[in-house]
Amino acid sequence: MRVEKKVESYTGIDVFRLVAAVLIITIHTSPLVGLSETGDFILTRIVARVAVPFFFVTSGFFLISRYHYQTAKLCAFVKKTLLIYGAAIVLYIPVNLYNGYFKMEYLLPNLIKDIVFDGTLYHLWYLPASVIGGVIAWGLVKKLDYRKAFAVAAVLYLVGLFGDSYYGVIKNVPIFSGFYALIFQVSDYTRNGIFFAPVFFIMGGFIADYSDRGENKSEIVCDQSVRKKSESKCFGLSMALMLVEGLVLHHFQVQRHDSMYVFLLPCVYFLFLVLLQFRGKRYVWLRDLSLVVYLIHPMMIVVIRMFAKVLHLQGLLVDNSVVHFLAVTVASVVFGAAAVALWGRFGRRRKKRHTDMDRAYIEINLENLAHNVAVLKAAMPSRCELMAVVKAEAYGHGMCEIAVHLDKIGVRAFAVATIDEGIRLRRCGIRGEILILGYTVPERAWELRKYDLAQTLIDYAYACRLNEQGCRVKVHVKVDTGMHRLGFDAGHHSNTHIKEILDVFAMEHFDVKGIYTHLCVADSLEEEDVLFTRQQIADFYGVLKRLKKEGIRIPKIHIQSSYGLLNYPELKCSYVRAGIALYGVLSTPDAQTKLQLDLRPVLSLKTKVVLIRFVPQGESVGYGRTFVADRDSVIAILSIGYADGFPRSLSNRAGYVLINGGCAPIVGRICMDQLAVDVTDIADVEAGMTATLIGYDGGKEIAAPVVADDAGSITNELFSRMGSRLGRIVK
Ligand SMILES: *Cc1c(COP(=O)(O)O)cnc(C)c1O
């Protein structure tokens, strides 16, 4: 199943790429050197030093994430960067030849060293540093999570710092000088992929994962503007401190090189946050342009020099540092723009289409999901936590996408049905509690441990077998109070089994984290059902009381699922296990519940009209000829069928869809991959239009519980059967 990330337009970042490329040109042309040495130092050795880290943060922003470890993404990044690096190396061979590069002593070791760390021409070090830094950052975040990963990268940065701007401080300390001498045999500088780049890559990933602003629409506008201002202030302050730092170090001649400063870290961090404030139009070509400008500006320096020599304009074009800088910049930008235009016209392969919406797809509204979380939490007692039930692909919504968003908005407990779902959640980067509600073969105990999953103990025999595996695991004890499905028998009629539960608490390999029960008629407000439920609850608390009497410290307790919360909100438990309500719907239409919450549906189901067909009166449509046109009819064929999870029982006018603002009844039998609707009474329906099977269109709504009810089922089943063939897009 595919999940497509929302396309964000980071205008600020796009535009600053070109600014950063020009800043790098200043480093290599020193525009102010003819006017003021100090001025030039400030511009090129301090201010312009934000440029390369900015590029690292940008790469990290799009590459690094603690969620979704798709190695394919890393591989694509490495491959692309190496390809560009390879091309750049080839491009600069003539310049290397001219400089006599290939005549140097120990050519091979030097060549290897340059290719891996320093670049075969002065500016090219950035590309291998990107690859090495990206891989290190990726690995650190994956293994350690952000805080520890950042700590490790910060230590690397510190090591780099003392080989760079702060070298003078330690160069006379014998152990350090030996250490750095060793480093400098392998790499000319410490500003490379190991010491310099990782911290910025991690910074980028961190910003992407944790300050995903655009999505926080609930934030009050006023807060936003205050935050924006304080980000700008922090950037200004860090820049000022970096200027002081740089000038002081320069004054005391401490620097061996001048790429790395302490205040470069906050400076780049806040710069990036400030740039993120600018959202709007996307300028993809600026990304390409800035890359070309960066790659070819040293070539343009050579070209301008040759040009000046031929035209005898050295005095103006080379010796006047400002004019020289401007000439190189203009030449680079003009050449770059031409290259990008040519590439766009001839070179570019056809843009990859997003294919998810071509046929039939689910649309996920994450804002509504966040809204439902807030509403449910508000309805829960203050110390009770939300345990998000994301089993069965999060009721068809897409488990990873849903869980990641829930994690981002602060949900820390999850429930799944199977161990494999639990493992997948961990692989998506979910770090909180994960409880497996169903059965897991005891032999997989080591995986429960490895992935830190809590297993439900479904009865005494199972508990014994799991304990025998000899592997310490987290467990929740399930108590059967009347559902008679899973759980230790503990009805009020049976007194004998408390001993078994006591045993479990004493078992050597269990870390008992919770004890819970499940209600079986919590959705009903009929008197008889309410009495039954109250008895279930009383029995459960009875068990707890007896455990307490035996000296057991009661772990976390939980009883309610969605309807449990809605009809018995007064219960004070540690968790509510909410599934269907989280997705903004209830199991049946017109459900009566004690609490009426403003829940909003997260899922819409849509498909496309693939063709319009005219069916004359008397002709039939579909298998079994169950529909015969009683008038000349216009029929639209939609590309969705029962294999996509749309129930076949909605055939023959049992269901309808929304197209172009009108309701179109389903005619004939729903096929595996297609269905037909009657659009005779709806104006202007054309092939290519979107049809809505669940959700809103043109002021009308088809609610999922109604569809489920029409199909003789409940919303839970309808959702969880949404086939693996549907595309998924996130709104
Ligand atoms: C599926 C499940 C839930 C979630 O139920 P909803 O009615 O969807 O909220 C809670 N507890 C258990 C044990 C479950 O199996």
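We count ligands from 1, going down the list as the structure has it; atoms in each ligand are counted the same way.
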> Can you list every disulfide bond (SG atoms under 2.5 Å apart) pair that touches residues 369-419, not counting sequence neighbours?
Replying inline: Cys400-Cys428
>> Ignoring hydrogens and geometry beyond distance, is a side-chain donor-acceptor pair present between Asp673 and Tyr642 at under 3.5 Å?
In response: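 Distance-only check fails for Asp673 and Tyr642.
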>> Just by distance, no angles: are the side chains of Thr481 and Thr517 close enough, under 3.5 Å, to form a donor-acceptor pair?
In response: yes
Under 3.5 Å donor-acceptor pairs involving side-chain atoms of residues 505-514, not counting sequence neighbours:
residue, atom, partner, partner atom, Å
His509, ND1, Asn467, O, 3.0
His509, ND1, Asn467, OD1, 3.3

Give me the residue, atom name and distance of the protein heavy atom closest to [atom].
atom                    : result
atom 9 (O) of ligand 1  : Ser562 OG, 2.5 Å
atom 11 (N) of ligand 1 : Arg577 NE, 2.9 Å
atom 15 (O) of ligand 1 : Lys391 NZ, 2.7 Å
atom 4 (C) of ligand 1  : Tyr395 OH, 3.3 Å
atom 12 (C) of ligand 1 : His518 CE1, 3.4 Å

Polar proximity ligand 1 side, [X] side, N/O cut 3.5 Å exclusive:
X      : answer
Ile580 : yes
Gly579 : yes
Lys478 : no

> Aromatic rings His397 and Tyr583: how do their planes relate, parallel, tilted or perpendicular, breaks at 30° and 60°?
Replying inline: tilted
>> Does the plane of the ring in His558 sit parallel, tilted or perpendicular to the ring in His476? Use 30° and 60° as the thresholds.
In response: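 If you compare the ring of His558 with that of His476, the planes turn out perpendicular.
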